[in-house]
Visitor: 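Can you keep this structure in mind? I'll have questions shortly.
Throughout, a chain's letter reflects where its sequence line sits, starting with A, and its residues are numbered from 1.
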There are 2 protein chains.
Amino acid sequence: MATALNIPIDRSSPVPLYHQVVQGIEGMIRSGALEPGSKLENEIELAAQLNLSRPTMRKAMDELVRAGLLVRKRGVGTQVVASQVRRHLELSSLFDDLARGGKAPATRVLSFRHGPAEPEIAETLQLPPGVGVYHFTRLRSVDEKPLALMENWVRDDVAELTEVGLRDHGMYQILRDAGVNFRLANQRIGAAVADAHQAELLEVAAGSALVTMERTAVDDTGRSVETGRHAYRADSYSFEMTLVQR
Amino acid sequence: MATALNIPIDRSSPVPLYHQVVQGIEGMIRSGALEPGSKLENEIELAAQLNLSRPTMRKAMDELVRAGLLVRKRGVGTQVVASQVRRHLELSSLFDDLARGGKAPATRVLSFRHGPAEPEIAETLQLPPGVGVYHFTRLRSVDEKPLALMENWVRDDVAELTEVGLRDHGMYQILRDAGVNFRLANQRIGAAVADAHQAELLEVAAGSALVTMERTAVDDTGRSVETGRHAYRADSYSFEMTLVQR
DNA sequence: CAGTGGTCTAGACCACTGC
DNA sequence: CAGTGGTCTAGACCACTGC
């Protein structure tokens with residue numbers, strides 16, 4: 001009954017073996033070769049099929065379980081999840097998400113300042129003495145339609161930001177290019193109604209629903225690099241995610 | 001410079017060793033024994049200190065990285081994240097969240113039906129022929145204040161639901177008690193403005209902001225057990241989460 | 001170059017499930 | 001009871017970082 005894996009493993013590839021397995025199983029699920037609800041062989045058998053050790057096979061399975069593609073039960077086995085799975089909510093930027101979706105995002109920089117931080121922002125970013133911030137607001141549109149109003153603060157010791165740079169590129173892209181490796185973000189999603197100013201910029205009626213998001217992002221040295229408050233048109237944007245039981 | 005770990009490891013405990021380490025480090029971070037931004041010893045040294053193998057130590061570290069408490073960098077080392085971390089968005093229920101927060105949630109069951117599913121719901125839950133659904137709406141309040149309006153559909157072959165049961169217990173608790181092991185959920189968070197009906201029940205002005213959430217939950221056999229649409233008062237509720245770079 | 005985390009192996013023993 | 005995933009060990013070799 002269980003489906004055998006037909007995954008090419010390239011031991012000379014720089015891609016880790018467990019990740020080749022992850023990609024292979026993801027591909028088989030996407031292509032339909034592994035049907036929703038179908039059962040996999042036990043992990044010892046699968047490891048043998050692919051000439052891998054059991055820990056390596058397990059590491060691949062663990063990742064797929066965390067991604068929400070497989071479910072496992074001790075004493076029973078491993079199954080492909082019987083429902084369509086959305087992409088896991090990742091640490092990504094709006095600009096990248098839009099670009100990946102084939103859209104052409106456009107950005108208008110509404111304000112841009114550089115200087116010392118207000119106490120509240122200094123506290124949020126835990127700024128050391130002498131470190132200032134860039135503070136700017138942007139309006140992001142897709143196909144001429146306004147989508148998001150974004151206010152952000154960025155430590156000024158991680159990169160040099162300019163108004164022109166922010167108009168032409170996503171903020172995360174600029175920071176990554178400057179050598180910032182983002183590791184995690186704390187974020188809060190809520191709702192609000194548009195005030196007159198927001199309504200005019202986002203081209204909706206005052207009183208329309210907005211999805212609000214506050215985020216602070218941390219890099220691989222543990223520093224809080226960036227914090228921001230965003231408002232999205234609720235008719236054009238929502239946050240999708242897959243939660244996995246720990 | 002690096003802080004030594006002072007964690008009791010009990011090899012006779014049913015709690016896995018790696019999880020004892022996770023709990024120990026979490027505790028040291030919470031108590032301040034491990035300061036934000038401080039560096040840990042390398043993992044081989046830490047494993048030796050606790051008399052554990054390196055893979056076991058690594059498994060604990062991996063979990064803490066995923067939880068957003070540690071950041072690691074190859075060739076450099078491991079650090080405690082320098083910012084306050086919120087709890088990871090988990091697969092949990094509103095009722096449990098409120099109860100954990102020391103609140104006393106109250107539920108009013110506004111409607112309750114049992115029968116065949118509408119085609120859209122049957123599709124969402126991928127119901128097999130002959131399986132019906134419970135369909136109900138609830139108003140959840142905390143300290144007499146309305147917080148959420150919830151409409152849910154539950155497969156009728158996983159548990160027997162009653163109006164009284166739903167009034168006195170959280171839905172997830174009832175399902176877990178009936179033997180359902182939830183594994184993952186797909187959810188979408190957005191915003192809306194309250195219509196007259198919602199406004200009256202939630203005791204806000206019509207036109208107030210609401211946080212909306214749609215969710216479908218999957219159990220350990222891969223079945224979609226439950227789907228629902230919820231609306232929360234935006235002035236009292238938001239979704240917090242920590243995203244970790246994959 | 002020394003130090004760090006990342007990957008991988010070949011085992012062992014155990015807990016849980018369903019018959 | 002047989003079958004499954006869960007935990008754990010003691011190594012090995014490698015890639016990357018910062019000096």
Visitor: Please classify the nucleic acid contact of B/Pro55 as base, sugar-phosphate, or nothing, using heavy-atom distances under 4.0 Å.
Guide: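 B/Pro55: base contact, heavy atoms under 4.0 Å.
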
Visitor: Using a 4.5 Å cut-off on heavy atoms from C-beta on, say whether the side chain of B/Gln49 contacts that of B/Glu41.
Guide: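 Of all side-chain heavy-atom pairs linking B/Gln49 with B/Glu41, at least one is under 4.5 Å.
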
Visitor: Find the distance B/Glu63:CD to D/dC8:P and express it as a whole number of Å.
Guide: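 Going from B/Glu63 (CD) to D/dC8 (P), I get 11 Å.
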
Visitor: Consider the side chain of B/Tyr18, meaning its heavy atoms from C-beta on, and name the nucleotide among D/dG18, D/dC8, C/dT9 that approaches it most closely.
Guide: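 Ranking D/dG18, D/dC8, C/dT9 by closest atom to the B/Tyr18 side chain puts D/dC8 first.
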
Visitor: Looking at every non-hydrogen atom in both residues, tell me the closest pair between A/Arg54 and A/Ile44 and how far apart they are.
Guide: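 For A/Arg54 versus A/Ile44, the nearest heavy atoms are CD-CG1, 3.7 Å.
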
Visitor: What nucleotide, of D/dT4, C/dT17, C/dG6, holds the atom closest to the side chain of B/Arg58?
Guide: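 Selected nucleotide: C/dG6.
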
Visitor: Confirm from the modelled atom types if A/Arg74 and D/dG3 form a donor-acceptor pair under 3.5 Å, side chain to base only.
Guide: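 Under the 3.5 Å cut-off, the side chain and the base do not form any donor-acceptor pair.
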
Visitor: Find which nucleotide of DNA chain D each of B/Arg54 and A/Ile44 is nearest to by heavy atoms, and output the residue with the more 5' nucleotide.
Guide: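 In this pair, the answer is A/Ile44.
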
Visitor: Any carboxylate oxygen within less than 4.0 angstrom of a Lys/Arg side-chain nitrogen, looking at A/Glu43 and A/Arg72?
Guide: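 Answer for the salt bridge query: yes.
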
Visitor: Roughly how many Å is it from NE2 in B/His19 to P in D/dT7, rounded to a whole number?
Guide: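 Distance check: B/His19 NE2 to D/dT7 P gives 10 Å.
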
Visitor: Within the 3.5 Å criterion, strictly below it, is a donor on B/Asp156 or B/His114 matched to an acceptor on the partner's side chain?
Guide: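 A donor-acceptor contact under 3.5 Å links the two side chains.
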
Visitor: Does any nucleotide pair with C/dT17 by Watson-Crick or G-U wobble geometry, both distances under 3.5 Å, and what is it?
Guide: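 Its partner is D/dA2 (Watson-Crick or G-U wobble, both distances under 3.5 Å).
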
Visitor: Measure the distance from NZ on B/Lys73 to C1' on D/dG18 and round it to the nearest whole Å.
Guide: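 Spelled out: NZ on B/Lys73 to C1' on D/dG18 is 10 Å.
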
Visitor: Looking across every strand, which nucleic acid part, if any, lies under 4.0 Å from B/Leu17 by heavy atom: base, sugar-phosphate, or nothing?
Guide: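 The residue B/Leu17 makes sugar-phosphate contact but no base contact.
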
Visitor: Would you say C/dT4 has OP1 or OP2 under 4.0 Å from some side-chain N or O of B/Thr78?
Guide: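 So the side chain of B/Thr78 is outside the cut-off, no N or O lying under 4.0 Å from OP1 or OP2 of C/dT4.
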
Visitor: Looking only at the side chain of B/Lys59 (C-beta and beyond, no hydrogens), which of the listed nucleotides D/dT7, D/dT9, C/dG5 gets closest?
Guide: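 Given the options D/dT7, D/dT9, C/dG5, the side chain of B/Lys59 is closest to D/dT7.
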
Visitor: I'd like to know if A/Glu120 pairs up with A/Arg229 as an ion pair, taking the criterion as any Lys NZ or Arg NE/NH1/NH2 lying under 4.0 Å from an Asp or Glu carboxylate oxygen.
Guide: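 Looking at A/Arg229 together with A/Glu120, the answer is yes, because their closest N to O distance falls below 4.0 Å.
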
Visitor: Of all the nucleotides listed (C/dT9, C/dG5, D/dG5), which has the minimum atom distance to the side chain of A/Thr56?
Guide: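 The answer is C/dT9, which lies nearest to the side chain.
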
Visitor: Let's see if you can work this out: which of D/dG5, D/dC8, C/dC8 has an atom nearest to the side-chain heavy atoms of A/Glu43?
Guide: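 My answer, after comparing the listed nucleotides, is D/dG5.
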
